[in-house]
Amino acid sequence: MPELPEVEVTRRRIAPFLVGKRLVELKTTAPSYFFVTPPDELRKRLPGLCFTALERKGKYLLATLSDESHLLLHLGMTGQLFADGASNPRLLRKTGRAALTPGLEVGFRPDAHTHLEFHMDSAPVVFFRDTRKFGKVEWLAPGAVSKRLSKLGPDALEAEPEGVHASFRRRSVAVKTALLDQSVLSGAGNIYADECLFLAGVRPNRSANRLTLQQTRRILAELRRVLERSIETGGSSISDYVAPDGLDGGYQDERRVYARAGEPCLVCGSAIKRVVLGQRSTHYCSVCQK
DNA sequence: AGACTAACCTGAAAGC
DNA sequence: TGCTTTCAGGTTAGTC
């Protein structure tokens, strides 16, 4: 699910349940790959604090707490952040019935993959669930700078073409690979990288350091367009939950190449190709993209 | 510094 | 039916 648009939609939907609310109790699973900060330390430090802000940095969510410490969250591949009572049919079918939140008739029943439960003062419980544990949670002491955040390049929605072009010129990798490198540009993932290259008419395997500034401009403009459009459709999707599976999301119907291998190109009709670049499956039209 | 690989996990779907 | 393989929207540590 989570590339920039999904993280942004998650941020917008979950912020009202956190910001301005006080954390009463935090429940966690046992230590694992998911926890950068050990769960017992989180349980010790966080309760009693209020959330004062929730920002997005590339694909990360950065929450500010009332003591000026921060909580850094990443959804990884399968992370889901949602409030109790969310009308997520998939989650409810699996785990539903009596809500943990007083006053809610139907709610989410935490399972083995529910690594965090934020029990708030007079607000629904907020859950962070992640089956593959590629997601991350890290607590940052007041004034501490996250190494993960400091190596992020400019946000994909704000990046200046000149700067990205300069980064591209230092890379001999495929442009698709360069787009996925979060230190070049943060927020793009496998779907939107493929989509913007299609719209820009650029082959994914073109060497990043041989692109002109003009081509870089075009790629960034198309990337921004698909990201903004996807945020829009995510925001307009049903009720108040974030689909756990991106293909259930609103943008699914607008994909031009991603996961369409063998199907006809919507522009020229030739079959969409699938190759592997930088260990990621990559989709493109060999006629429309040069 | 940059390029490349393997590794971290689980579960759904396809293949036999 | 059941076992095996493949694949997945991400990142990082280690090696050259």
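- Look at CD on A/Glu3: it is 12 Å from C1' on C/dA8, rounded to the nearest Å.
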Where do N or O atoms of nucleotides 6-10 of chain B meet protein N or O atoms at under 3.5 Å, pair by pair?
{"unit_1": "B/dA6", "atom_1": "N7", "unit_2": "A/Gln279", "atom_2": "OE1", "d": "3.1"}
{"unit_1": "B/dA6", "atom_1": "N6", "unit_2": "A/Gln279", "atom_2": "NE2", "d": "3.4"}
{"unit_1": "B/dC8", "atom_1": "O2", "unit_2": "A/Tyr33", "atom_2": "OH", "d": "2.7"}
{"unit_1": "B/dC9", "atom_1": "O2", "unit_2": "A/Arg132", "atom_2": "NE", "d": "2.8"}
{"unit_1": "B/dC9", "atom_1": "N3", "unit_2": "A/Arg132", "atom_2": "NH2", "d": "3.3"}
{"unit_1": "B/dT10", "atom_1": "OP1", "unit_2": "A/Lys133", "atom_2": "NZ", "d": "3.2"}

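- Look at CZ on A/Arg260: it is 17 Å from P on C/dA8, rounded to the nearest Å.
- Within a heavy-atom distance below 4.0 Å of DNA chain C, the residues of residues 150-186 of chain A found are A/Lys151, A/Gln182.
- The two atoms that bring A/Asp155 and A/Lys57 nearest to each other are OD2-C, 4.5 Å, heavy atoms only.
- Among residue pairs with one or both ends in residues 196-217 of chain A, those qualifying as salt bridge (Lys or Arg N to Asp or Glu O under 4.0 Å) are A/Glu162-A/Arg217; sequence neighbours excluded.
- For residues 163-175 of chain A, every residue pair satisfying the salt bridge (Lys or Arg N to Asp or Glu O under 4.0 Å) rule, not counting sequence neighbours, is listed here: A/Arg171-A/Asp181.
- The side chain of A/Arg148 places an N or O atom within less than 4.0 Å of a non-bridging phosphate oxygen (OP1 or OP2) of C/dT12.
- Rounding to whole angstrom units, CZ of residue A/Arg255 and P of C/dA8 are separated by 13 Å.
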Let me check something: any side-chain donor-acceptor pairs from residues 58-65 of chain A under 3.5 Å, sequence neighbours excluded? List them with distances.
{"unit_1": "A/Lys59", "atom_1": "NZ", "unit_2": "A/Ala188", "atom_2": "O", "d": "3.0"}
{"unit_1": "A/Thr64", "atom_1": "OG1", "unit_2": "A/His70", "atom_2": "NE2", "d": "3.4"}

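- Checked options A/Lys273, A/Lys176, A/Arg274; the residue passing with A/Thr282 is A/Lys176 (criterion: side-chain hydrogen bond (donor to acceptor under 3.5 Å, both in side chains)).
- Atom name P, nucleotides C/dT6 and B/dA6: the rounded distance is 15 Å, in whole Å.
- For the pair A/Lys27 and A/Phe118, the cation-pi criterion (under 6.0 Å, within 45° of the ring axis) is not fulfilled.
- Between the CG atom of A/Leu75 and the P atom of C/dG10 there is a distance of 11 Å, rounded to whole Å.
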Exercise for the section: With pairs defined as Watson-Crick or G-U wobble and both distances under 3.5 angstrom, please note down DNA chain C as a dot-bracket string, | for pairing with another strand. Expected result: .|||||||.|||||||
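- In this structure, CG of A/Leu277 is placed 17 Å from C1' of C/dA8, rounded to the nearest angstrom.
- In terms of phosphate contacts, A/His74 brings no side-chain nitrogen or oxygen within less than 4.0 Å of OP1 or OP2 of C/dG10.
- One P atom belongs to B/dA12, the other to C/dT11, and the distance between them is 23 Å to the nearest Å.
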